[in-house]
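Reviewing the structure listed below.
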Amino acid sequence: MKKRVMMQVLTSAMLAAAVLFASCAGGPEPAGKSAETQAKAAQASVAQNAEEKPLSLSLFHVNDTHAKLESALTELKVDITPELKAKRTFVELGGFARLWAAVETLRAEKPNSFFLHAGDVFQGTLYFTEFKGKADGDFLNAIGLDALVVGNHEFDKGPTVLADFIKDAKFPVLACNLDLSAEPSLKDSIKPYIIKEVAGAKVAIVGVANPETPDISSPGPTIKFLDPVSSLEKVVKELEAKGINKIIVLSHAGYELDKTIGTKVSGIDVVVGGHSHFILGPFADLGLKSQGDYPTVAKSPAGDPVLIVTSWNWANMIGILDVDFDKDGKITSFKGNSKLLAGLDKFRIYDLPDADGKLKRVEFVRSADGTYGVKEYDGKAYAVVPSEKALQNYMTAFSALIAKFKDDSRFLFIDPKKEGLEKLAKYSPALKALQAKIATKATDALKRGNNSGPGPIIADSMIWKTGADIAIMNPGGVRVDLDSGEISVAKVYELQPFANTLVTIDVSGEEVKNILEDMADFTISSYAKAPETAYVYVSGLKLSLMVNNAKGARVTDVMVKAKDGSWKALDPKGTYKLVVNNFMADGGDKNTTLAAIPKGRKYDTGFVDSEVMLDYVLGKILSETKEERVKNIF
């Protein structure tokens, strides 16, 4: 048990204490040192451990960055003034150059600290397609990452690509619940834990990989994923035998399993997690849904507090947790929160009143002198110069917004590090060349409409990637038509520019019908009632839509495609695997049925929709589906 091991340690344990990078079975002896030198070093180490010290430690953490090296405008909903409530406000978040600046600033404020990444560096943008994680690793090396746990997406391209990434990493890559004995490329590269010294105290960081990785990625047959709880129990005992009484778990198991770990394993203090893409803390007034407190506090079997944290995704947030330990390793106090990692260069606010009270979408861009240029959206671009009176209205609202953000401790506004922007530019030529490459060809002009255009093909790609029974795709997520002829990689990304991820959900037949009713009601009320209007895109489904009926009475004759290719009537009590994008899964486009389904039933695969579509169409010749999947009846 952890609280706490007495320090009368045998000589054999004293020798073991010298090994700071160890495997579950014990690490190799340091090369080039005599046994006598090793013994003296071990005795000195244990002597220091015998004088246990209190420690104030700060943890800075991100997770699920998914090759999002560049910042992006991200939607918040903000009460700007009493008159301008819940305005769709787009703020520049994330980017590794900004993350670099943030970590550097935080370290200067809190030198007793670790910067941790809770997994899923791989997969999500063209940076990964082109560089296979090497660009991300270059940044993480420069920032000075203290440790990374392997995420499930780190195995998407098999063990070899991960091994190549680790070869260039100047930081340890961790997971204690892997059997790598049959995988030569990784068995000496991934460690179960490391022990680091900070302010004279020793702290262990232990990695936990996602046990579902074989089902959701491609690790291959040579890697075995072990039970996280029993693996952690074994490692904790080993660490306590070395006199380590401050233990951090770096986990990619997901928030729910992290809470289970906290309640089942004695001896750990903090779980820094990833995989779930969850936000913790009070962010509801910004239109962001929180899944719990930051930190979430569990109680171990020994009755000690275990602090559980995670920090959304894409480096849109950075978690900051401050923990105080006494000399026995007990947590005496803690505080922290996740901060939105934001920039001041560009903002967009939807639906600001102009001089005549008409609602306009307005963009604010900072100039080199610190002033902001203002443009209205003309339907294609932010190009319209507002009238003087409208400009006054816009700047009044914008000034109120900036003042509100300035006083909000949930934001960390910081400019990107110059060296980071220069590093990013180094990768741009190859990325532009990739964007120009031809991904596929189309025999027809794929124009958006009901049962036509790219929408049905996107829905097909969602099933192809996830193995779901049915897919439902919102028309608003299909942003452009595709001309006949050659289609570039960049055009495929333009088709789905939001980097939404695919979410699978086990749903009943009744829920499927209700989801279709929600989606149809939103599109019918948003778009014109015309046969060519795309009300909903589906795959694995056929249905009739009574367009003029009321909500709840529109969707009829729903058929589901069986594995043998036959069509069978939707069983209201049956269970089906549905795939949607995360925007819909969270209730976007007024999908109230999906919003009401508990998070525990939703599995975010982490697969980015545009990446999936690109993989699906490579080497294919695209054409219209010619299928009447949704029959509109007026």
Side-chain angles (χ1 to χ4, degrees), residues 54-65 93-94 98-99 101-119 143-147 149 196 198-199 201 203-206 246-252 254-255 258-259 261-262 268-286 288-300 304-326 329-342 405 407-414:
L55 174 66
S56 294
L57 179 67
S58 295
L59 303 175
F60 317 135
H61 59 96
V62 294
N63 53 272
D64 299 274
T65 52
L93 296 182
R98 181 169 286 112
L99 177 63
V103 172
E104 193 170 76
T105 299
L106 291 169
R107 277 182 172 144
E109 297 172 358
K110 302 177 180 185
N112 294 345
S113 59
F114 299 140
F115 171 46
L116 306 175
H117 193 306
I143 297 171
L145 185 68
D146 286 291
V149 64
K196 295 180 73 74
V198 56
V203 180
I205 305 172
V206 186
K246 303 171 187 69
I247 300 175
I248 298 164
V249 173
L250 188 57
S251 165
H252 197 76
Y255 182 63
D258 287 345
K259 289 192 290 185
I261 286 169
I268 62 177
D269 299 294
V270 180
V271 182
V272 176
H275 185 61
S276 297
H277 296 225
F278 281 1
I279 294 170
L280 301 181
F283 289 92
D285 63 315
L286 295 176
L288 301 175
K289 188 175 182 180
S290 173
Q291 301 299 322
D293 294 332
Y294 184 106
T296 299
V297 183
K299 184 175 286 189
S300 77
D304 298 309
V306 181
L307 311 181
I308 299 164
V309 293
T310 188
S311 195
W312 201 10
N313 55 25
W314 302 347
N316 284 348
M317 283 180 165
I318 185 167
I320 305 170
L321 180 66
D322 300 324
V323 187
D324 293 324
F325 298 90
D326 68 13
K330 289 182 179 290
I331 294 175
T332 57
S333 65
F334 59 86
K335 63 179 180 179
N337 64 337
S338 274
K339 291 181 181 289
L340 291 159
L341 192 53
F405 283 161
D407 295 331
D408 195 330
S409 63
R410 297 171 297 179
F411 286 86
L412 175 56
F413 281 99
I414 191 165

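In this chain, residues are counted from 1 in sequence order.
- Atom CG of L99 sits about 11.0 Å away from atom CG of N316, to the nearest 0.5 Å.
- Ring geometry for H252 versus H275: interplanar angle over 60°, hence perpendicular rather than tilted (30 to 60°).
- For the atom pair CG (L55) and NZ (K246), the distance works out to 6.0 Å, reported to the nearest 0.5 Å.
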Self-check item: Worked check of side chain to side chain donor-acceptor pair (under 3.5 Å) between S56 and N112
Solution: CA-CA 7 Å; S56 294; N112 294 345; over 6 Å; no
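- Between T105 and L412, every side-chain heavy-atom pair lies at or beyond the 4.5 Å cut-off.
- Atom CG in L250 sits 5.5 Å away from atom CG in L116 (nearest 0.5 Å).
- When each of N63, D146, T65, D64 is tested with H117 by the rule side chain to side chain donor-acceptor pair (under 3.5 Å), just one qualifies, namely T65.
- Interatomic distance, CZ of F278 versus CD1 of I308, reported as 12.5 Å (0.5 Å rounding).
- L321 CG to L280 CG: the interatomic distance, rounded to the nearest 0.5 Å, is 11.0 Å.
- In terms of modelled atom types and a separation under 3.5 Å, the side chain of S290 and the main chain of P282 share no donor-acceptor contact.
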Practice problem: For side chain to side chain contact (heavy atoms under 4.5 Å, CB included), just list the numbers for F334 and D269, CA-CA rounded to whole Å, side-chain angles, deciding distance to a tenth of an Å, and then say yes or no. | Solution: CA-CA 11 Å; F334 59 86; D269 299 294; over 6 Å; no
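- Figure legend: cation-pi geometry between R410 and F283, with NZ or CZ positioned under 6.0 Å from the six-membered ring centre and within 45° of its axis.
- To the nearest 0.5 Å, atom OG of residue S338 and atom CD1 of residue I320 are 8.0 Å apart.
- When all heavy atoms are compared, the tightest approach of G274 to A118 is N-CB, 3.7 Å.
- S409 places a side-chain heavy atom less than 4.5 Å from the side chain of K339.
- Using a 3.5 Å distance cut-off with no hydrogens or angles, the side chains of D324 and S333 do pair a donor with an acceptor.
- In this structure, G144 and R107 approach most closely via the heavy-atom pair O-NH2, 2.5 Å.
- Taking every heavy atom of both residues into account, A108 and P111 meet most closely at O-CD, 4.3 Å.
- Taking both residues in full, the closest heavy atoms of S276 and Y255 are given as OG-N, 2.8 Å, listed atom of the first, atom of the second, then distance.
- Residue V297 is tested with I331, V306, L307 for a side-chain contact (heavy atoms from CB on, under 4.5 Å); the sole match is L307.
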Exercise. Using the side chain to side chain contact (heavy atoms under 4.5 Å, CB included) rule, take F114 and V272 through it: C-alpha gap first, then chi angles, then the decisive distance, then the call.
Key: CA-CA 11 Å; F114 299 140; V272 176; over 6 Å; no
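- No donor-acceptor pair under 3.5 Å is formed between the side chain of S113 and the backbone N or O of S58.
- Side-chain atoms of D326 come within 3.5 Å of backbone atoms of G329 as a donor-acceptor pair (strictly under, hydrogens ignored).
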Practice problem: Apply side chain to side chain contact (heavy atoms under 4.5 Å, CB included) to the pair L341 and V62, showing each step before the final yes or no. | Solution: CA-CA 11 Å; L341 192 53; V62 294; 6.0 Å; no
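- The aromatic rings of Y294 and H61 lie parallel to each other, with less than 30° between the two planes, well short of the 60° mark.
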Exercise. List the steps, then state whether side chain to side chain contact (heavy atoms under 4.5 Å, CB included) holds for W312 with L340.
Key: CA-CA 10 Å; W312 201 10; L340 291 159; 3.9 Å; yes
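- For the pair D258 and V249, the minimum side-chain heavy-atom distance is 4.5 Å or more.
- A distance-only check finds a donor-acceptor pair linking the side chain of R98 to the backbone of I414 [under 3.5 Å].
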